[in-house]
Amino acid sequence: MQLIDGKATAKAIKAEIAEEVKNMLAAGKRPPHLAAVLVGHDGGSETYVAYKIKDCEEVGFRSSLVRFEDNVTETELLERIDRLNSDKELDGFIVQLPLPDHISAQKIIEAIDPAKDVDGFHPVNVGKMVIGLPSFTSATPMGIVELLKRYGIETSGKNCVIVGRSNIVGRPLSILMSQKSINATVTVAHSRTKELKRVCADADILIAALGAPEFIKSDMVKDGAVVIDVGTTRVKSNETKSGFRLKGDVDYGSVAPKCSFITPVPGGVGPMTRVSLLLNTLKAASG
Ligand code: NAP
């Protein structure tokens, strides 16, 4: 079994990005600039945005944080998005989700200029990705595909089962994995899938993105399968200072010995999601 080290891979990609930024500066260009819009004070969102800003600093990007209290109106937020869309000094921005209930996340996403939509959530980018045109692809699926490539994992003709069909992970990933450059035969499983154990056990590449800690047990995994664990659920723990730890969707202890390759949690898909946002921002700045 070989561990797929997302942390080390992301570090290597960050070094490549930093080099690219140096080249841009040497050519007299300004560094790529990413903004994050944060509404309210949700702990998880605060942490994710802080990571995004730290990542920008590490590779030499400029970053901005646009903060609103959670009583901001949808109209106020839309007005700010309009200004970000027309800001010539800004290459891309993200609106951290979830948003408060009185704001339509879909309306906000659709207000973002697709050319600055580095999260790849705008329907224009999703549509372009589906038909294989250049686009911004959402970060987690993009990071997973990059991991498979960098580890030289054969995908052509392989049976790929993805458990989960969310718009940010499972569904876009299913499209990417079926594209001609990757050529996997894809099954998307979800909560209504019958005989899930049998479906999963048929996978050469099994991708778990359901958000149920340790759901995938060893009897759901074929010998020699590649297993990608997207799940990150915070569970209480007495063993950490913070009082919680992240658990994946795969029962790592029993599954890992059966795999050819497996991602750990943490240190697998998560760091690749973060670095993919940087890659999209670099692309926005270069385009
Ligand atoms: P989500 O929107 O809640 O979607 C979960 C999907 O899993 C749904 O399609 C659901 O089916 C399916 N599902 C749930 N329980 C199931 C079961 N028992 N059997 C079969 N299918 C089941 O979740 P998400 O946003 O895609 O995230 C999934 C997990 O990935 C979460 O743990 C999240 O924290 C993690 N995540 C990690 C990263 C990262 O960078 N590492 C990034 C994004 C998300 P239905 O559609 O039928 O309801």
side-chain hydrogen bond (donor to acceptor under 3.5 Å, both in side chains) partners of residues 278-287, not counting sequence neighbours, each pair once: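 Sorted pair list comes back empty.
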Donor-acceptor check, side chain of [X] to backbone of [Y], threshold 3.5 angstrom: yes or no?
X    : Y    : answer
S45  : H41  : no
D119 : I94  : no
K247 : T232 : no
S276 : A139 : yes

Going by the rule salt bridge (charged side-chain N to carboxylate O under 4.0 Å, His left out), which residues pair with [X] if we only count those two or more places apart in sequence or in a different chain?
X    : result
D55  : K14, R274
E89  : R30
K107 : E74
R150 : E16, E146

Quick one: pull up [atom1] in [X] and [atom2] in [Y] and give me the separation to the nearest 0.5 Å.
X    : Y    : atom1 : atom2 : value
N71  : E76  : CG    : CD    : 8.0 Å
K158 : S156 : NZ    : OG    : 8.5 Å
N85  : D117 : CG    : CG    : 10.0 Å
M177 : T187 : CE    : OG1   : 11.5 Å
L277 : S138 : CG    : OG    : 11.0 Å
I112 : H122 : CD1   : NE2   : 7.5 Å

Using side-chain heavy atoms (C-beta onward) and a distance below 4.5 Å, is [X] in contact with [Y]?
X    : Y    : value
I205 : F261 : no
I182 : V145 : yes
Q2   : Y151 : yes

K116 with D91: basic N within carboxylate O range, under 4.0 Å: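 Between D91 and K116 there is no salt bridge, as every charged N stays at least 4.0 Å from the carboxylate O atoms.
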NZ/NE/NH1/NH2 to OD/OE distance under 4.0 Å, D204 and K222: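 Judged by the 4.0 Å cut-off on N to carboxylate O distance, D204 and K222 do form a salt bridge.
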Atom CG of D101 with >12 non-hydrogen neighbours under 6.0 angstrom: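 Open.
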Enclosure of K22 NZ (heavy-atom neighbours >12, cutoff 6.0 Å):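 No - once you tally the heavy atoms of other residues, nucleotides and ligands closer than 6.0 Å, there are 12 at most.
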Sole residue of I153, I144, T9 in side-chain contact (heavy atoms from CB on, under 4.5 Å) with I4: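 Considering I153, I144, T9, a side-chain contact (heavy atoms from CB on, under 4.5 Å) with I4 is found only for I153.
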Other cluster members, V250 - Ile/Leu/Val/Met/Phe/Trp/Tyr, side-chain contacts below 4.5 Å: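 For the cluster that includes V250, the remaining residues are M1, L3, V161, V163, L196, V199, L206, L210, F215, I216, M220, V221, V227, Y252, V255, I262.
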